[in-house]
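Read the structure below first, then the notes.
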Amino acid sequence: MTVPSISITLTGSGGSGVMTAGNLLLEAAGRAGWYGLMTRSAGPQIRGGEAAAMLRLAAEPVLSHQDRYDILLGIDWKNADRFATEIPLDGDSLVVGDGEPPAVFAEAAGQQHHLELQKIAKEIPGGRPNMVALGVAAAMLGLPESVIAEVLEKALGRKGEEAVSAGLAAVRAGMEAAATLPRFDTLAVGEASQQSAREPRWNISGNEACGLGAVRGGIRFVAAYPITPATEVLEWLAPALPKLGGALVQAEDELASVNQIIGGSFGGTPSLTATSGPGLALMMESIGLAVASETPIVVINVMRGGPSTGIPTKSEQSDLNIALYGLHGDAPHLVLAPLSIADCLFTTQWSVVLAEKLQTAAIVLSDQALGQTRTLIPAQADPGLVAERLTAQAPVEGNYERYALTESGVSPMAIPGLAGAQYTADGLEHTVTGMPSSKADDHHRQMDKRQRKLEQHDFGDDWARIEGDLDAETAVLTWGSSYGAVSEAVAGLRGEGQKVRVVAIRLLAPAQPERLAEALKGVKRVLVVEQSHGGQFFRYLRAFYDIDAEMRSMAVPGPLAIRPSDVRKTLSDWS
Amino acid sequence: MTVPSISITLTGSGGSGVMTAGNLLLEAAGRAGWYGLMTRSAGPQIRGGEAAAMLRLAAEPVLSHQDRYDILLGIDWKNADRFATEIPLDGDSLVVGDGEPPAVFAEAAGQQHHLELQKIAKEIPGGRPNMVALGVAAAMLGLPESVIAEVLEKALGRKGEEAVSAGLAAVRAGMEAAATLPRFDTLAVGEASQQSAREPRWNISGNEACGLGAVRGGIRFVAAYPITPATEVLEWLAPALPKLGGALVQAEDELASVNQIIGGSFGGTPSLTATSGPGLALMMESIGLAVASETPIVVINVMRGGPSTGIPTKSEQSDLNIALYGLHGDAPHLVLAPLSIADCLFTTQWSVVLAEKLQTAAIVLSDQALGQTRTLIPAQADPGLVAERLTAQAPVEGNYERYALTESGVSPMAIPGLAGAQYTADGLEHTVTGMPSSKADDHHRQMDKRQRKLEQHDFGDDWARIEGDLDAETAVLTWGSSYGAVSEAVAGLRGEGQKVRVVAIRLLAPAQPERLAEALKGVKRVLVVEQSHGGQFFRYLRAFYDIDAEMRSMAVPGPLAIRPSDVRKTLSDWS
Amino acid sequence: MTMTMTEQMLADEGCPAMTAKDYRSDVKPVWCPGCGDHGVLLALTKTLAELQLAPEKVSVVSGIGCSSRIPAYLNTYGFHGVHGRSLALATGLKVSRPDQTVLVAGGDGDGFSIGGNHFLHACRRNVDLTYIVMDNQLYGMTKGQASPTSAPDWEKGKLTPGGTGINPFHPLVVALASGANFIARVSGTNANGAVPILKEAIEHPGFSLVHVLSPCITYNREQLDWKKMVRPAPVEATNDPGRAARRLMTDDNLNLGVLYKGDRAPYQPDLRSRGVSVADLEAPFQV
Amino acid sequence: MTMTMTEQMLADEGCPAMTAKDYRSDVKPVWCPGCGDHGVLLALTKTLAELQLAPEKVSVVSGIGCSSRIPAYLNTYGFHGVHGRSLALATGLKVSRPDQTVLVAGGDGDGFSIGGNHFLHACRRNVDLTYIVMDNQLYGMTKGQASPTSAPDWEKGKLTPGGTGINPFHPLVVALASGANFIARVSGTNANGAVPILKEAIEHPGFSLVHVLSPCITYNREQLDWKKMVRPAPVEATNDPGRAARRLMTDDNLNLGVLYKGDRAPYQPDLRSRGVSVADLEAPFQV
Ligand SMILES: Cc1ncc(C[n+]2csc(CCOP(=O)(O)OP(=O)(O)O)c2C)c(N)n1
Ligand SMILES: Cc1ncc(C[n+]2csc(CCOP(=O)(O)OP(=O)(O)O)c2C)c(N)n1
Ligand code: SF4
Ligand code: SF4
Ligand SMILES: [Mg+2]
Ligand SMILES: [Mg+2]
């Protein structure tokens, strides 16, 4: 069953403060006892161009946007038409704003209302149109003034009382101006706030969640080079790490950042970097070094549109190939992907633990849609997974073998400072002690060992999220952020009585063929959903899994998010 | 049927001149009317360590080494045992040399002979043991003294008559000393030289062949950074290009070299670089730029043992994954692999033509075994394939659209200097004119276009080499240098009356599923042979091809070459 | 509008002179209003008009960053490559097409952080390129992080909350140390003042660095003060590296003008045909 | 063998002193007989003995090249990383483990060609590292190509048949220009002469560059002449960058000794606990 929710977009030109209004609305919704999410979109201007804040507010946590918007609220309409494909409207939609909306919206929407936001704002000392718009939105959604007041106080408090009261006055004026507008208060705020407002909740983005997950997992050293849309992971970590006795170093480039974290990890500190496609490409050589030298590192890759510089501000799942296969030589490593914004927390934390445990590189594939979307979710308790590296211990007896051929494939790692276990880590193929070797035996043994580590580890039940009907003959197989739309689509279909199962893979490499076979038992048809042009996930499944069912690929490239309705339609059309 | 051939290894410690002797022997064999190949192997010392020259001489061109050696000839035996796994001996093998051979050889070989090479050499003014050894080898193989004399003259002529006559005296002494040794003159030199000596032949390595293929295809600008085992491609090109009015620039690193060739190609000059795994990894980001900006480039990757620095001096086919999948985003491009040393010529040349024609990046996967092995082959006529880029022509009418959505996907490219067609090439997603765009429509259209170029091109019959029985139920599917051993193995089995087909893929990407289906018609069992640990080729076939037959993977990592007998055995064991 | 000298000469000869506007494409810049890069774009179009170079004979190569967007705004050939590699791409273009005038443009992050190695080697290789670095002492495109030229105590860099705490990179000193053949500084807020210097840089053979103080009004408004702080360099350009070194070592980043002019010959492989055919190269393979 | 002063002191205190041999592992070097790197290895073990550093408190990080093989020959911790990235790896190690003495070693190709950018930024970041560059003005490991420090007319470089034709890279000048805190040169063929300088470099806080003339006897035998040509620098080390710049600009590559000694504070993040827990960081997310 789909969650009852309302979708509203605020739009406006440069300097109109649309993002501020959107953020306040989201925060207020949280205080009022709702859940929801907010995505931003902006024009090509570096700053000061037109922007849109797209919100979905709901009575329960939601993972994706809806197929359509209930309300489009224009602070002004300058260049708003560039968002047309991102903001689908229909006969039930309402367009409200100052002046004539772009034809594309006017034609699509069922209703149109004009409100003189500029004029109303001018009449209030210190009043701004975006605050008036916030009031309009609050009124239409049925958000109580008191909640808006709280939120304003928190956001503008630093600027002094005057700012707060000017803001509030504008909000009030907006609420009044909206008196005659239709209401979209189906969420019954009153009830929601009674019921669940006591449940503590967070307002967090996926990038922030990756940062928090990282330090929960034990990361204390980060080196990185900024890149859109990964920068906020780093911006969150930069002030956080020193508080925990750690450090973040801004490196000169990605070649440096990945090597810095290899150095940090060699020194015994769990270490991480975050980047996006172009930066990941630059890191691949040295990620291979981490694999060969068995030095644990975590690389968060927040995907954006590709190839090359591509579309830096938009989401796509098209870095799956490079993450899985982009290392030269045979270089087994870990690839994981969070399934939702909230899951950025757990998946990053788990990745840290796995990389440390298996002494290898873990690539975490988040994306712009997860990373830069803010969401309201229940507060997330720390599951307590913390990095535990198998280290060599004093006293060291005999000749220390850094790359000893253990049964598990994991060998005790000496940390500089431990007397008697000095060794040289090496990216050249090596003997058990780390001495370079080009002998076939050494090569085979070390390759087997590096593979064995991953094959023999029991990854448990977190490899995927499985939901839906156990007796379904149809399954949707997906990964990463596409899970949001898939989950919503399948909930809708199941609400209509159809039987469908969803398997959303969190652990992409190493492949878990037996687990997937188990998860797909009885399934006859598998729809593979991903946001790429080339069907990268579909191809990967074919390569590494024996799926005993008819498979179809639904691969849709970015920049637009996959919509639940697209998934529903594809499933329905498959007869 | 297997080709009648003789395999001999010369070995010796640093400074013993084993490589000189080996090279002279190969050259002499060529003059005598034989074919063959020679591989070098050396210890870990940078220079002056022990070395082995492994030759196979045959009446017809050969693609791989045999499973065993007939003769092991030690100029001395110091550290020769480190080559034990590379030089399999058996009861029919003969070990000849100065002093006691290492136990591992002595035990394996059927016969042993001692010859005092040092002492014999000392007795000749200016005589050297390696020349004595050359004489011994010549005598055992039945190579006439006159041919050796010719070769010595050519090689030592520059050093003066004295050097030549000292060399020849030593060779003669060696021949005499070998008088009582068994003969391995099954190749009937006399006849061979009569029959086929008139056929002109070449002594060439795969790396040189790549260089020649490149300039035949039209390459006139090369930028590169040295790396083992690719350097000889560049060393051949460095003096060659200026002669043709081109240039080679030694770049500061691989990031620079790949961008330099993108710049060269943007300027209208067919451009290429050569590297190996670690360097390829560094280039991936910018190869993506070539794909997105549709700037043709060719990247030769001479593979070595991986992962990371791995085993720089040994061969492996483990860079298939990175070549196919290592670009971030969806970035369709070309991947080709030469099937033999001689084929390095054609495949490189064809790659240049394809990259230029399809305005994209081509990665050519050669490897150390092809690149650094010298072979005797019939002289290779130039097939006359030359780069032809679809360029915009003067006068330019109207608004020039660099990325016009043509049917073929290929758009006329303006070369700087053409008036009226100025445009900016871009790695950002773009409109048809090249203007940055994050619109879904533009993204989809350009991605379709870049894909379409590759899908719609008719690659003709050169995509693979197909040989063997048309009515076979068993096929071996392979690629690149593994084809040599496979071909020899299958020839052997067919000589014994078995029906087998071989399909060796030269064009790896884009995949050619219909062509392969046609090539495998009637086949029930497919053995997939490759030199990797992870079965990269096998996985790729599963991902992109529907093969209606039982498939098995024979994936053997380096550093030892796959032997024909291994392939035969695997096929025989499959019952 | 009065004509420049070159324009006058061309007009006298009956050729229609190109004006600055003819070098502008019709693409609208993404830059913030007030960004110094607007001035650089203007200065560049004026310079090209001064030089009366045919637009198709000029290529402008850049990396990634706000400043690196400039090629698309010009009516010349252009390449907007990946982050930090513009000098390498331009090197390949220029050595294989010496007939093109090749300009390279970008930011301090693109050129001195990720692109630092190519900067070093471009200086010493001395290919005939003109490199225009729009320095705003931060990363604009990624929304305000410190760059190598940021002051160590600039606390607003989003990854360096307490300031970077490290020595800023001195592009002019490093350029001189590694062999650049022409070194100058201009202000992005004074397009007309920049024109003669850009012209000289383009005309000077070999590798020319033009350091532009180009304020980012969005992430460091204080840079607007540069306009008032800059001054013409108090002394004439020198061609003595030792003297230039002494001067640049104490340079406070505010001296405008040509600061060093060397006379090393540019690196340019000879591309004339030698009358050798591909087939001729096969001889050494013959047994 | 006579004892060094430190050894004597330790012996007096009853501690068993470490000798140079105690810092050597039992791995046999792959270097050619006569290669200058043998001397560097010897000098390094002697220096470590002078300093009496516990082997487990020392890490030696390198890239790829003949010279970069050195870590495995020492009985310290070591990391033989990828080509050109040793300074970056060492930076991560040192800032997160300031208790370790971190040395970085490699060749001119590794450090100044592919590694040039990290060299620039290591100099300016000034982490407390000692960087020992064994300069043989060529790539030994890949069998004899020109490096950034090769003479422009060296015709034996296999990819530059007529000579590189470009300005050699002056590591000391670039180091100074980009902010290195200690700059010295030693000869690989005089291990004993190198010891006091290496010792001083390791003890000096911040980023120290030790340029080693380390002849490659295989690909450029003429470098054996260096032994006769080198001389102690005629003047004392200066701490004035301006004066050092003047000197280094005219340096002929043959002056041995400490050439510059700065006093900038090293970059080292404060890793002391602030008593904050991970849970404390969650507060700002609460609605
Ligand atoms: C490989 C890679 N890493 C990081 C980025 C992200 N990025 C884009 S522009 C930029 C910095 C731009 O700074 P600068 O060159 O000074 O230009 P400005 O925007 O200040 O003009 C960065 C880090 C990228 N595009 N590619
Ligand atoms: C990414 C990468 N590119 C190229 C190489 C090949 N390579 C290995 S060592 C080396 C140069 C070594 O020169 P230098 O650092 O001067 O060391 P030397 O051998 O002279 O001591 C090169 C180019 C490599 N290993 N990795
Ligand atoms: S962010 Fe700064 S550098 Fe970028 S366009 Fe705006 S003002 Fe210019
Ligand atoms: S090749 Fe040169 S640098 Fe390398 S080990 Fe031999 S002498 Fe030393
Ligand atoms: Mg900048
Ligand atoms: Mg060197």
Side-chain angles (χ1 to χ4, degrees), chain B residues 13-15 40 42-50 79 207 211 222-243 247-257 273-283 302 304 306-310 312-313 372, chain D residues 27-35 37-38 62-69 72 79-85 107-119 136 138-148 150 155-166 169 216-219:
Chain B
S13 60
R40 308 140 161 262
Q45 302 306 113
I46 305 296
R47 210 173 172 177
E50 58 282 2
N79 293 325
N207 279 343
V222 171
Y225 189 72
I227 187 166
T228 307
T231 314
E232 297 87 2
V233 178
L234 308 166
E235 289 178 358
W236 187 86
L237 286 163
L241 282 164
K243 292 183 190 147
L248 179 144
V249 175
Q250 182 178 327
E252 55 271 29
D253 58 24
E254 287 88 351
L255 305 160
S257 56
T273 188
T275 188
S276 188
L280 181 65
L282 288 174
M283 291 181 187
V302 186
R304 61 194 218 182
S308 193
T309 312
T313 55
Q372 296 191 323
Chain D
V27 180
K28 188 185 159 216
V30 296
W31 297 319
C32 309
C35 174
D37 298 349
H38 290 287
S62 71
I64 299 290
C66 296
S67 39
S68 290
R69 289 290 191 120
F79 208 125
H80 185 214
V82 296
H83 190 37
R85 315 290 166 211
D108 43 321
D110 191 74
F112 308 140
S113 196
I114 192 168
N117 202 31
H118 311 303
F119 179 58
N136 54 13
L138 53 76
Y139 298 169
M141 188 59 123
T142 48
K143 307 205 178 299
Q145 296 81 19
S147 88
S150 298
E155 301 205 338
K156 288 192 184 142
K158 289 178 183 166
L159 299 187
T160 46
T164 64
I166 59 179
F169 182 83
C216 173
I217 62 128
T218 297
Y219 296 108

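Lettering of chains follows the sequences in order, A, B, ..., and the numbering in each one begins at 1.
In this structure, D:K158 and B:L234 have side chains that are not in contact, with every pair of non-hydrogen atoms separated by 4.5 Å or more. Proximity of B:P226 to D:L159: side-chain heavy atoms (C-beta onward) are separated by under 4.5 Å at one or more points.
Note that the CG atom of B:D253 and the CG atom of D:N117 stand 9.0 Å from one another [nearest 0.5 Å]. How far CD of D:Q145 is from OG1 of B:T231: 5.5 Å, rounded to the nearest 0.5 Å.
Taking all atoms of both residues into account, the shortest heavy-atom contact from D:C32 to B:R47 is SG-CB, 3.7 Å. The nearest pair of heavy atoms linking B:T309 to D:G81 is OG1-O, 4.1 Å. Heavy-atom minimum distance, B:Q45 versus D:P29: NE2-O, 3.5 Å. The two residues D:H83 and B:Y225 come nearest to each other via the heavy atoms NE2-OH, 2.8 Å.
Residue B:P44 touches chain D through both its backbone and its side chain, counting heavy-atom pairs closer than 4.5 Å. Using a 4.5 Å cut-off between heavy atoms, B:I227 touches chain D through its backbone atoms (N, CA, C, O) alone. For B:Q250, the part lying under 4.5 angstrom from a heavy atom of chain D is the side chain only. Contacts of D:Y219 with chain B are made by side-chain atoms alone, with heavy-atom separations under 4.5 Å and no backbone atom involved.
With chain B as the partner, the residue from D:P161, D:G115, D:S147 showing the most heavy-atom pairs under 4.5 Å is D:P161.
Dense packing is recorded around NZ of D:K143, with more than 12 heavy atoms of other residues, nucleotides or ligands lying under 6.0 Å away.
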